[in-house]
Amino acid sequence: MQRQRVRVFAPATVSNVGPGFDVLGFALHRPGDWVEAEASDRPGVELLEVTGDGGALPVDARRNAAGVAARRLWRQARGGRPAGLRMRLQKGTPLASGLGSSGASAAAGAMAANQLLECPLPLETLVACAMDGERAACGSAHADNVAPSLAGGIVLIRSYRPLELVQLPVPDGLFVAVVHPHCRVSTGEARARLAGRAFPLPDIVANAGNLAALVAALYRGDLELLGRAIEDRLVEPVRAAMIPAYDAVRRAARDEGALACAVSGSGPSMFAVADAHDAAAAAASAMRRAFRAGASLASDAWVGPISRRGAAPVD
Ligand code: HSE
């Protein structure tokens with residue numbers, strides 16, 4: 001029977017993951033965004049309400065990441081019934097946090113529309129629709145947030161044209177600490193810092209080595225190698241000055257035994273990886289103290305394994 005209503009949760013994500021600028025990301029269990037959508041006789045996609053954003057986001061399906069993604073999906077699934085959908089977006093992911101906030105909204109919008117149409121479209125199409133939402137929100141259609149938010153787990157974007165996604169294994173025993181300091185970094189501005197920049201060949205070589213080693217580490221379940229591989233010599237050094245207390249936070253995580261610590265997406269959130277839940281929790285506490293001591297910033301933290309579950313209907 002045709003679904004008349006659906007509520008979808010789409011997880012926040014950590015993208016770049018060190019050396020994988022725009023090509024690597026993984027899903028968190030929390031936070032995330034919810035989209036509730038219902039069938040409507042009125043043609044097209046309407047966004048009725050956005051909550052949890054403090055009024056910062058447009059309540060207009062043509063400009064909001066969730067609405068843009070749902071609209072494209074609705075158009076693409078031609079001949080779909082019902083005629084339209086009405087949706088409500090509930091933000092749980094902090095804005096401009098580096099946790100894929102617009103990506104989670106876009107993923108939830110695309111998934112909700114697909115569910116109402118009885119899932120006619122495959123994952124790659126949902127990702128392409130959500131990339132449109134990402135572009136509407138921050139000016140760039142990168143997929144390293146929307147792909148893991150939709151697919152769950154760790155996703156590599158092998159190619160953008162054509163879009164080719166590679167799901168990577170999530171090793172057992174890998175725990176992540178994510179700390180979000182209460183300040184904002186605009187992804188658009190963070191990307192503008194990279195425009196027209198030339199990178200030295202030795203740094204490109206180092207990143208190629210790290211990204212390849214990171215993939216090998218995931219397949220081998222070699223967490224020590226994974227820790228060594230989460231190091232970006234290209235983008236993160238350019239953006240580090242945008243992250244308050246960047247050096248102190250990294251040091252704090254490493255001093256607590258984290259295997260690696262890096263910027264999540266375009267920041268200001270940072271993430272650390274560890275081989276035990278307790279170690280990840282200790283790293284999160286140390287990172288929070290460092291944000292407080294080094295930049296007078298309060299923060300939130302999430303600790304746990306990578307989520308293997310992507311955007312999906314919830315009760
Ligand atoms: N790969 C993107 C960037 C993620 O670093 O700009 C931001 O959402």
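Only a predicted model underlies this, so the values are computations on that prediction, with no experimental measurement involved. Every number for a ligand or one of its atoms is a count from 1 in the order of the listing.
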Query - Sub-4.0 Å heavy-atom approach of Ser15 to ligand 1 - result: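 A heavy atom of Ser15 does come that close to ligand 1.
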
Query raised in the report: Does some non-hydrogen atom of Arg239 fall short of 4.0 Å from ligand 1?
Result: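 Yes.
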
Should [X] and [Y] be counted in the same cluster of Ile, Leu, Val, Met, Phe, Trp and Tyr side chains packed under 4.5 Å apart?
| X | Y | result |
| --- | --- | --- |
| Leu24 | Val263 | no |
| Tyr219 | Val170 | yes |
| Val179 | Leu99 | no |
| Phe21 | Phe271 | no |

**Report entry** Candidate list Glu124, Arg75, Met111, Arg72, test side-chain contact (heavy atoms from CB on, under 4.5 Å), partner Cys129, passing option
**Finding:**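 The side-chain contact (heavy atoms from CB on, under 4.5 Å) with Cys129 is passed solely by Arg72 among Glu124, Arg75, Met111, Arg72.
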
Query - Pick from Arg191, His142, Glu236, Arg193: the one approaching atom 3 (C) of ligand 1 most closely through a non-hydrogen atom - result: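 The nearest heavy atom belongs to Arg191.
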
Requested in this report: Would you kindly specify which portion of Val235 sits under 4.0 Å from ligand 1, judged on non-hydrogen atoms: side chain, backbone, both or neither?
Outcome: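 Near ligand 1, Val235 shows nothing, with every heavy atom at 4.0 Å or more.
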
Query raised in the report: What atoms of ligand 1 come closer than 4.0 angstrom to any heavy atom of Asp22?
Result: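 Counting atoms of ligand 1 from 1, those under 4.0 Å from Asp22 are 1 (N), 2 (C), 3 (C).
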
Report task. Run the numbers for me: atoms of ligand 1, each under 4.0 Å from some heavy atom of Asn145, listed by number. Result ->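 Counting atoms of ligand 1 from 1, those under 4.0 Å from Asn145 are 4 (C), 7 (C), 8 (O).
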
